[in-house]
Amino acid sequence: MIQRVVEAATGILVEREGEVKLILASLLARGHVLLEGVPGVAKTYTAKVVASLLGLSFKRIQMTPDLLPGDITGGFVYDQRSGEFKLRRGPIFANILLVDEINRASPRTQSALLEAMQERQVTIEGVTIPLEEPFMVIATQNPVEFEGVFPLPEAQLDRFLARILVDYPSTKGFIEILRRADEIEEAVASVKPIMSREEVLEAIRGASSVKVEDSIYEYVARIVEETRRHPSVRLGGSPRAGIAIVRLARAWAYIDGRSYVIPDDVKAVAIPALSHRIILNPEYEVEGLKAEVVVKEILGKVPVPRP
Amino acid sequence: MYVRFLVLGLAFLLVLSAFQARSQSDIVSSLEDRHTPGFPASLDLGSLVDLIKATSPQLGEALSRILECDTLECLEGDTVYGRVLGELMSNLTSIDVKELRSMSDSDLLELVDDTSLRAALEALNTTTGLDPLALSSVLEAIEEARSKGSLSPQAYIAALELLKRILERRGEDSGWIERRQVEAVREALMEASRSGLLQEAIAKLGNVYAQAQAWSPSFEGGQSMLPKLRAPEASISLPRMSVDVLLLALVALLAAIAAFNAARLAPFLEELTGRRGALESASSLPLALKLYWGAVRLVERATGVTMSNSTTHREYLGEVSGKLGGLLKPFRDLTEAYELYRFAGVRGEELEAKARRAYNELAGGGGGA
């Protein structure tokens, strides 16, 4: 079933199969996703299409510096007719929440959102309300803007299970987009759900039961440990990073129709799971080195399970 | 892992061989070459002695005894070591302690090249009593002249020797002056080690040992106190750095670099050591795995595409799929069987039969590559 979602999404979006699979894998692994890319590379479209195909409740928040935590979580408002305070739920009460340009919100609002992401519940004036499962935040951010933005601190970036870099399409893909631009727009607006909420929950359970052989755990551990030894890395992957890789690899295998994880799954998810969790030494950063390049280098060095 | 140990062991042996073959003068010169700005130009004598001990125990022992000496008598000595030490010191520091001690007062004064100091010493020597103030001022003058560089180490020790005699003649304690003399010898040794004089001294010392063995009637007895006197093995007469030794050292260096980069070079090293071959022939491997690795070897030969350590089975299949032609199907089947056995935990005769069929097809040539 989940493969059909991938097929349907890639039928609408051009050259976005990897991104769609990673978003779905994050959903199945009960994580959140940060989509990073320059403006105009279909970050919002991708999130919207995936959410629509899954038949889950979907809400969108456009972050601005003056947005308050209450604007996301909601609050109690006085109902004059009943003479009582009633809970007005904010947009966070959705299965999939698209947070556009998360780095435009103030740190206070970001913190409130990220706390809800972690706890999977919100507390409004002392009342704790659990968020409905599945719950996933798909946040987008534009890495090239430096004015009027509040970059997410490393600790908060860690709350995202995966960071997906959305790059420009190839020339061939670009031409196809140009040719089909109107058609894509219409398709995005009229997407029909393929899966129900119950089916998504069943898929989440299925992904968590995917078998992981011992040597795969060792492989993941070696990759994460290698990030700590790499000369260009100031802060390497934590145990949480390793857990993220395993969860994503399980979900990736599930999406691929397998009930077991293979090293290829680990390789497929290692960059999105690790690159936002490692901090490079400033001298390498200045030279333009990217964390994903480091992870890629590590993947090319760490031996895969043998024999 | 064991490949790394093997290479490290090899590198260690080669480095050891290279060191054995190198003359000690080379050691000293290489130390100088390795001088790092901001650090002392040479090792301290203690470290140097340790280094020399590693290649020539007897030379190291001779030097360490000099460092341990508290008295001139100890420095001078009268055994085989005494001769060795004397030779070493006269080579390193131009100070012959034995000769200094046997010199007359006037000869000692002659060695003091600072005229005012010489006059002060002469005056002190000719005075019958001992004026502490005069003694103190002469001592200060000696130290000042030394710190200014107007007194050579030898002249400094000579001046102190004269001062010591003056004190002894007056029944005063002179041990503290002797300690200054010993300290001066040590400092001179340090200076010599910095300036490279040690190199020459060690070269000469080889002959001294040889002579000492012939000369000393008590040598046999003295041997027990000498740690394995093997003068010829000190290799001092060997050429400074023959091409062979240079080559050996180069190989050792390359091996050491390779060992430290073993992870990066692992695939290459494994090819060399035939680890993969060993893997296939390992009878402990289950059939599905054994057949897969055998197939990988066949595919590597057929396509020329080697499977690196960080390449997964699926990646490898992708890499060779365009080059296998009719052999692609059996290799794909084997890869699938391998994956199921290795990661999905699938067992059974059916899987093994599938792997065997695929392997036979692959080994038999399949549809033709």
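Reminder, nothing fancy here: chain letters follow the sequence lines and each chain counts from 1.
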Do other residues, nucleotides or ligands put more than 12 heavy atoms under 6.0 Å from [X] [atom1]?
| X | atom1 | result |
| --- | --- | --- |
| A:Glu283 | CD | yes |
| B:Lys354 | NZ | yes |
| A:Arg228 | CZ | yes |
| A:Arg247 | CZ | no |
| A:Arg159 | CZ | yes |

Could you tell me which non-hydrogen atom of [X] sits nearest to which non-hydrogen atom of [Y], and how far apart they are?
| X | Y | answer |
| --- | --- | --- |
| B:Phe343 | A:Tyr260 | O-CB, 3.5 Å |
| B:Thr311 | A:Val304 | O-CG2, 3.3 Å |
| B:Gly345 | A:Lys211 | N-CE, 4.0 Å |
| A:Arg306 | B:Ser308 | NH2-O, 2.8 Å |

Heavy-atom contact with chain A under 4.5 Å, split by part of B:Tyr292
neither

With only heavy atoms counted, which part of A:Val261 is less than 4.5 Å from chain B, the side chain, the backbone, both or neither?
backbone

Give, as side chain, backbone, both or neither, the part of A:Leu299 having an atom under 4.5 angstrom from any heavy atom of chain B.
backbone

In Å and rounded to the nearest 0.5 Å, what is the [atom1] to [atom2] distance from [X] to [Y]?
| X | Y | atom1 | atom2 | result |
| --- | --- | --- | --- | --- |
| B:Glu339 | A:Arg258 | CD | CZ | 5.5 Å |
| B:Arg342 | A:Ile216 | CZ | CD1 | 7.5 Å |
| A:Ile298 | B:Ser310 | CD1 | OG | 12.5 Å |

Are any of the side-chain heavy atoms of B:His313 and A:Pro263 separated by less than 4.5 Å?
yes

